[in-house]
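Input: a single structure, listed below in structure tokens.
Here the structure is a predicted model, which means the values were calculated and not measured.
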Number of protein chains: 2
Amino acid sequence: MLIREMVLHPIAIADPPLRSSYGLHAPFALRTVVELKTDSGITGISETYGGDGPVAALEAARPWVEGMDPFRLAGLWARFNADAASQTGSVAGGRSQTYMVPGENPLDRHARTFAAIEIACLDAIGKAVGQPVCDVIGGRVRDAVSFSAYLFYKHAGGGGVGGDAREDEYGEILSAKACVRSARQMIEAYGFREIKLKGGVLDPAEEIASIKSLREEFGAEYPLRIDPNCAWSVDTSVEVGRALKEELSGGGYLEDPCAELEGMAEVRRRLLAEGNQTPLASNVATTCFADVPKAHGLDAVQVVLCDPHYWGGMRQVQQLSHLCEVLGLGMSMHSNSHLGVSLMAMTHVAAASPHLFYACDTHYPWQTEKDEIVEGGRVRFVNGCVPVPGKPGLGVSLDYDQLARGRERYNKIPWRKRDDEAEMRKHVDPDWKRVLPRW
Amino acid sequence: MLIREMVLHPIAIADPPLRSSYGLHAPFALRTVVELKTDSGITGISETYGGDGPVAALEAARPWVEGMDPFRLAGLWARFNADAASQTGSVAGGRSQTYMVPGENPLDRHARTFAAIEIACLDAIGKAVGQPVCDVIGGRVRDAVSFSAYLFYKHAGGGGVGGDAREDEYGEILSAKACVRSARQMIEAYGFREIKLKGGVLDPAEEIASIKSLREEFGAEYPLRIDPNCAWSVDTSVEVGRALKEELSGGGYLEDPCAELEGMAEVRRRLLAEGNQTPLASNVATTCFADVPKAHGLDAVQVVLCDPHYWGGMRQVQQLSHLCEVLGLGMSMHSNSHLGVSLMAMTHVAAASPHLFYACDTHYPWQTEKDEIVEGGRVRFVNGCVPVPGKPGLGVSLDYDQLARGRERYNKIPWRKRDDEAEMRKHVDPDWKRVLPRW
């Protein structure tokens with residue numbers, strides 16, 4: 001089986017005005033759907049980051065991909081790595097990953113591009129051999145993958161524009177009270193059993209109040225985590241950690257409270273000195289394998305967030321699972337705005353990663369049926385989990401009408417790159433800048 | 001595809017009187033050949049440790065194996081691990097791994113037993129999907145796997161007894177001169193490009209002379225390594241490291257000169273202080289994943305020896321390759337007395353482990369055609385390498401007549417466990433004991 005053709009589908013999906021320390025989500029999120037058509041008639045699919053950059057990077061890899069045997073992935077990974085190593089170290093333009101949305105770091109581009117190809121190859125292999133992807137890569141260790149209720153502060157509006165506008169079932173969420181309301185809605189709809197709040201948006205006192213209200217509403221059986229994406233100083237991080245000692249215990253964590261491993265390490269030291277064992281998680285200070293032993297050595301991070309989309313695909317996430325196990329670190333999973341193909345990739349790799357004990361993040365509740373590209377409509381959750389399908393490959397196929405509609409939307413809009421900062425300036429505050437630490 | 005039946009073939013193979021710090025090889029080495037017969041008519045094979053212990057451990061796993069889907073390996077690995085974790089920590093009887101031949105540590109039994117099943121499952125999968133095993137587990141990164149000329153000091157004799165006795169093409173090797181002669185023979189026959197000497201047998205001065213003679217004979221393009229299996233004190237290790245600074249540089253290493261990570265770390269510190277960068281390798285102080293970060297933290301080991309037979313199979317060796325890469329450690333491969341099925345398993349996992357840069361160990365030259373169980377006779381080397389086959393699975397099949405002869409040999413002999421110490425007492429010195437350090 002050889003890959004005959006790579007087909008790229010850039011699409012846009014309506015996205016609500018979600019807030020984070022990076023700024024504001026634009027009315028549309030960009031994705032790219034990859035199809036690898038093989039000479040045996042089987043097509044492998046994947047979903048990855050959208051816009052000009054990711055599409056150009058995939059286009060650049062076309063000569064390596066077309067004609068390759070999808071089973072020979074390690075050789076392709078070696079090519080990508082050699083190519084990345086030959087680039088200058090200044091490719092990030094001197095900006096630390098801290099300032100970028102995970103998945104946007106130019107230094108990791110090769111890992112993201114390879115991941116999109118690897119996942120589509122694994123889907124093709126699964127279809128060819130009649131096995132679900134999780135069993136192709138070593139075998140499932142669970143039959144259902146747990147996801148968390150991923151709460152955001154947001155402005156009113158469901159995202160999209162004109163005929164592509166979407167209903168806003170959550171409304172404005174800019175207070176602790178609204179936050180609890182949205183959690184209740186999301187848990188009723190999906191059955192989630194863990195809750196994550198994207199913070200770094202409101203005053204820390206209000207975000208502390210949000211977490212405390214969530215604990216009051218749902219009780220200790222719903223582990224809680226908060227992620228301000230480095231919006232806080234070390235002092236503020238320690239204060240929040242102290243205020244939420246009880247609420248973040250029992251399966252929760254404090255994610256990227258402040259910038260840089262050194263800052264995280266200081267927060268950890270100061271909390272531990274008070275007898276506060278709250279684990280610190282990260283997907284900003286640890287985005288590649290070289291970061292992990294460093295983070296471990298400094299005790300800066302106790303839970304590493306994986307993501308097959310930017311860690312180099314499914315087998316690299318399995319390697320991360322193993323590395324975390326050996327080093328005594330926990331592992332959780334990061335998410336971006338995504339549709340059903342990505343959700344299934346996340347589900348399969350989570351099913352085949354033994355050391356993943358936390359519920360995974362997912363933005364899926366913020367997207368809707370209207371934009372779903374998966375045949376048969378949106379992937380269904382059962383008690384907060386996605387059941388691992390028994391079908392070969394990822395277990396989902398593309399709805400080409402929906403894909404065409406996604407592409408139309410993409411062609412209509414001017415965005416070709418996510419820019420949450422510009423969006424904030426446009427809609428909320430003309431002088432807004434990402435400032436770290438903000439509090 | 002489900003496994004219908006596990007068939008175990010205990011066999012014995014003639015083994016020359018090789019010496020090491022553990023003692024003396026008996027006239028026969030024991031192996032077990034595993035067949036997993038599936039309901040689709042495909043049979044997966046593997047080769048592992050021999051004798052009562054390994055056979056009993058495999059028998060105990062029979063209820064888990066028969067009826068399982070060979071693709072669901074991670075679930076089986078989790079079962080083995082949970083079972084091992086539930087055993088008491090005293091299973092090693094208080095003896096440190098240092099005193100045992102790698103592959104004999106009771107604490108690692110579950111990893112060895114699982115490995116034998118995993119490799120046979122991967123062979124079955126490869127045959128079912130029409131792919132070589134290296135491509136089933138992620139894809140080859142090389143088309144041929146390099147092995148080293150593995151020299152031993154030995155007494156005269158080819159091994160075996162009576163009708164099963166074997167020709168001794170190498171003769172007695174108990175001096176530097178004989179050592180060079182055997183290297184020449186082996187390199188002429190196989191084309192090896194790296195040389196390993198099993199030391200810890202003669203006075204260190206004679207072993208230093210052996211390495212120096214090898215360097216004189218073959219030059220710097222043949223990297224050299226010596227492995228006394230912990231026979232030396234820290235002082236002696238430093239002295240040998242100092243004497244062989246030049247000879248062990250350029251792709252060579254000093255393997256397990258002394259016992260325990262702390263001892264290795266002291267040797268490293270003292271050599272580094274003299275500007276001697278000779279890497280220290282180990283398969284005695286690092287035999288499981290928990291050892292690796294400890295060894296790295298102490299800078300006690302710079303090259304970890306993998307072995308799919310006792311590290312838990314092929315995917316675990318790939319995990320080790322990745323772990324070594326992330327921690328900046330080198331990786332090489334250990335070997336035991338083995339036949340062609342093991343050689344092919346070593347070849348496939350080496351082909352799919354990107355970070356394996358050293359030539360692998362192999363005892364293969366010490367076994368002969370007469371005992372080979374692989375159809376078509378012994379696996380052929382090309383320029384010291386085993387070419388990665390294009391055939392599905394491991395790429396070799398069983399010669400059932402030869403297997404039956406191996407079983408007959410097994411039934412005729414009294415050994416059911418390797419005991420190099422007893423063998424020394426029987427044939428060389430009635431009072432011999434393994435003493436560490438000996439020098």
All ring-ring contact (aromatic ring centres under 6.0 Å, His included) counterparts of Phe147(B), not counting sequence neighbours | Phe381(B)
dist Leu329(B):CG -> Leu323(B):CG (nearest 0.5 Å) comes out at 7.5 Å
Which atoms of Leu327(A) come close to chain B, meaning under 4.5 Å heavy atom to heavy atom: side chain ones, backbone ones, both, or neither?
-> side chain
Side chain from CB out, backbone as N, CA, C, O: work out which of these in Val292(A) comes under 4.5 Å of a heavy atom of chain B, or both, or neither.
-> neither
Please name all residues satisfying side chain to side chain contact (heavy atoms under 4.5 Å, CB included) with Ala281(B), sequence neighbours left out, ordered by chain then number.
-> Tyr253(B), Glu255(B), Val303(B), Leu305(B)
Heavy atoms of Ile42(A) and Ala124(A) approach each other most closely as CG2-O, 3.7 Å
Counting heavy-atom pairs under 4.5 angstrom with chain B, the leader among Gly297(A), Ala352(A), Gly139(A), Pro132(A) is Gly139(A)
Minimum-distance pair of heavy atoms, taken over all atoms of Val136(A) and Gly126(A) | CG2-CA, 3.8 Å
When heavy-atom pairs shorter than 4.5 Å are enumerated against chain A, which of Gly328(B), Gly75(B), Gly138(B), Pro293(B) gives the highest number?
-> Gly138(B)
Report the residues that fulfil side chain to side chain contact (heavy atoms under 4.5 Å, CB included) with Ala350(B), sequence neighbours left out, ordered by chain and then residue number.
-> Val145(B), Met333(B), Leu356(B), Cys360(B)
Check whether any side-chain heavy atom of Leu122(B) sits under 4.5 Å from a side-chain heavy atom of Leu73(B), and report yes or no.
-> yes
In Å and rounded to the nearest 0.5 Å, what is the CG to CE distance from Leu76(A) to Met68(A)?
-> 4.5 Å
Would you mind checking chain A against chain B for donor-acceptor pairs under 3.5 Å and listing them?
from      : atom 1 : to        : atom 2 : distance (Å)
Arg72(A)  : NE     : Asp135(B) : OD1    : 3.2
Arg72(A)  : NE     : Asp135(B) : OD2    : 3.1
Leu73(A)  : N      : Gly138(B) : O      : 3.4
Ala74(A)  : N      : Gly138(B) : O      : 2.9
Asp135(A) : OD1    : Arg72(B)  : NE     : 3.2
Asp135(A) : OD2    : Arg72(B)  : NE     : 3.1
Val136(A) : O      : Arg315(B) : NH2    : 3.4
Gly138(A) : O      : Leu73(B)  : N      : 3.4
Gly138(A) : O      : Ala74(B)  : N      : 2.8
Arg315(A) : NH2    : Val136(B) : O      : 3.4

Counting only heavy atoms closer than 4.5 Å, note whether Ile137(A) contacts chain B via side chain, backbone, both or neither.
-> backbone
